[in-house]
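One structure is given below, encoded as structure tokens.
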Amino acid sequence: MSNEADLKMIEQIQELNFSYLNLAKQMIISDKKSAVIRLGISMETADLIESMTNAQLMKFCRANQLIPKLGHVDKSLIKTAITQNSDFIPHKIHSTILLSSAPQT
Amino acid sequence: MSILPKASVLEYSDDFNLAVDLIKLGARLQVLDAVTLVSKPKKVLIYKELTGKSPSKGMLPSSADWFLSVQANAHASAYYAIHRSVEKATGADDVHTLILAYRHYLTLIEAEFNEKGVLSEEPFFSINRAWTLLRFVKGRILSTQSCRTCKGDFIVNADDINHHFECLFCNPPSRLSKTVFQSKDGLHE
């Protein structure tokens, strides 16, 4: 990949990180209990995110990697999405079960 | 929760609000009796005002086997997974956990509410079923087990724990057809 394309991708990664953390922070401020469940994080992590200033958030986002990651559980989820069995059965239910049983950060 | 008949106004008000919240989510009298101390006549009044109907009398269905039928198992397992998340998040396992978890379950099935904030129609998996499920799990009649393929936790009979368990998604029963998952569960277009 060319250096230019690479840099563009990293820029997109950082933008996504920022959008994600902003959304997370909004969710936490609006309803912390629901946010913790939907984000798959602990109360402690939620408190920390809530306390971050915009400047701190931006600093945190300047990684070259995505902050919201596909965890190990998502391999099962993806596999179930592509197997034939999933024609008749609502995938939304299965994904809820798998995502809710993931360990929290 | 032990509130004496002459409870403080605030305590009584909390209990009352709890009953209102539960009725909006479709709770029947048996569940209300178990988790609030609001008097029977008051419960009936709140019920009539919110739903426009009299509460149905009689016991809730109490078969553990229902939770093992294909469609019920999917919903019950989803509800239970959400309940465990809420428990972990709040550190509590009480009626408030039941309510928060059930509300999250309702967003999953895209349930609708009317202008009074009451559920428009009874979902396939009602809050009464959720409450019964929790009692069965506490009473060790039902339990959860991990699917060996997808690793999700599913509701099973407490004495059926085996090492080859595969869930209904990874190993659907052979007689499964399109009609099993009817549109009534709020997940089909």
Side-chain angles (χ1 to χ4, degrees), chain A residues 20-21 23-52 68-105, chain B residues 70-92 96-97 99-101 103-105 107-110 124-125 144-155 166-173 176-183 185-189:
Chain A
Y20 172 75
L21 283 174
L23 175 63
K25 192 173 173 189
Q26 270 175 50
M27 285 166 68
I28 291 164
I29 290 172
S30 151
D31 180 352
K32 196 178 282 188
K33 284 183 194 161
S34 296
V36 159
I37 295 159
R38 294 199 171 113
L39 291 166
I41 61 178
S42 63
M43 274 292 190
E44 213 188 317
T45 308
D47 289 335
L48 287 168
I49 294 175
E50 192 180 21
S51 70
M52 286 170 98
K69 285 198 198 33
L70 278 180
H72 72 277
V73 76
D74 296 274
K75 183 170 64 173
S76 327
L77 198 51
I78 296 171
K79 278 187 189 165
T80 63
I82 58 184
T83 57
Q84 283 177 345
N85 295 337
S86 53
D87 275 353
F88 303 140
I89 307 175
H91 189 245
K92 216 165 137 180
I93 290 203
H94 201 186
S95 49
T96 297
I97 294 171
L98 295 181
L99 290 168
S100 301
S101 8
Q104 290 171 342
T105 47
Chain B
V70 178
Q71 194 174 1
N73 195 264
H75 286 260
S77 302
Y79 171 77
Y80 196 71
I82 295 171
H83 185 95
R84 294 239 285 247
S85 296
V86 176
E87 231 187 300
K88 253 197 260 181
T90 63
H96 300 287
T97 313
I99 290 177
L100 186 57
R103 285 207 174 113
H104 274 268
Y105 166 77
T107 61
L108 172 68
I109 62 167
E110 292 167 41
F124 169 76
F125 186 80
T144 58
Q145 192 172 1
S146 282
C147 170
R148 67 171 179 176
T149 307
C150 69
K151 310 289 186 283
D153 290 331
F154 290 81
I155 302 291
E166 259 197 318
C167 71
L168 61 116
F169 294 97
C170 298
N171 186 21
L176 187 66
S177 67
K178 279 202 169 113
T179 58
V180 172
F181 280 91
Q182 284 303 326
S183 55
D185 68 12
L187 288 161
H188 290 77
E189 289 86 51

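Each chain gets a letter, A, B and so on, in the order the sequences are listed, and its residues count up from 1.
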Inset, instruction - Report the residues that fulfil salt bridge (charged side-chain N to carboxylate O under 4.0 Å, His left out) with Asp47(A), sequence neighbours left out, ordered by chain and then residue number. - result: Lys32(A)
Legend entry - Separation of Ser42(A) OG from Lys88(B) NZ (nearest 0.5 Å): 10.5 Å
Legend entry - Under 4.5 Å from any heavy atom of chain B - which part of Ser95(A): neither
Legend entry - Other residues, nucleotides, ligands: >12 heavy atoms within 6.0 Å of Glu44(A) CD: no
Legend entry - Atom pair CD1/CD1 of Ile82(B) and Ile37(A) - distance to nearest 0.5 Å: 8.5 Å
Inset, instruction - Decide side-chain contact (heavy atoms from CB on, under 4.5 Å) for Ser34(A) and Arg103(B); before the verdict, give the C-alpha distance in whole Å, the side-chain angles of both, and the deciding distance to 0.1 Å. - result: CA-CA 10 Å; Ser34(A) 296; Arg103(B) 285 207 174 113; over 6 Å; no
Legend entry - Minimum heavy-atom distance between Ala89(B) and Val36(A), given as atom pair plus value: CB-CG1, 3.4 Å
Legend entry - Lys92(A) side chain to Leu108(B) backbone, donor-acceptor under 3.5 Å: yes
Inset, instruction - Decide yes or no for Cys170(B) and His94(A): does some side-chain heavy atom of the first lie under 4.5 Å from some side-chain heavy atom of the second? - result: yes
Inset, instruction - Only counting residues at least two apart or in another chain, list the ones meeting side-chain hydrogen bond (donor to acceptor under 3.5 Å, both in side chains) with Glu87(B). - result: none
Inset, instruction - Rounded to the nearest 0.5 Å, what's the gap from CG on Asn73(B) to CD1 on Ile93(A)? Could you check? - result: 10.0 Å
Inset, instruction - Could you tell me which portion of Tyr80(B) (side chain, backbone, both or neither) has an atom closer than 4.5 angstrom to a non-hydrogen atom of chain A? - result: neither
Legend entry - Inter-residue atom distance Cys147(B).SG - Ile97(A).CD1, 0.5 Å rounding: 10.0 Å
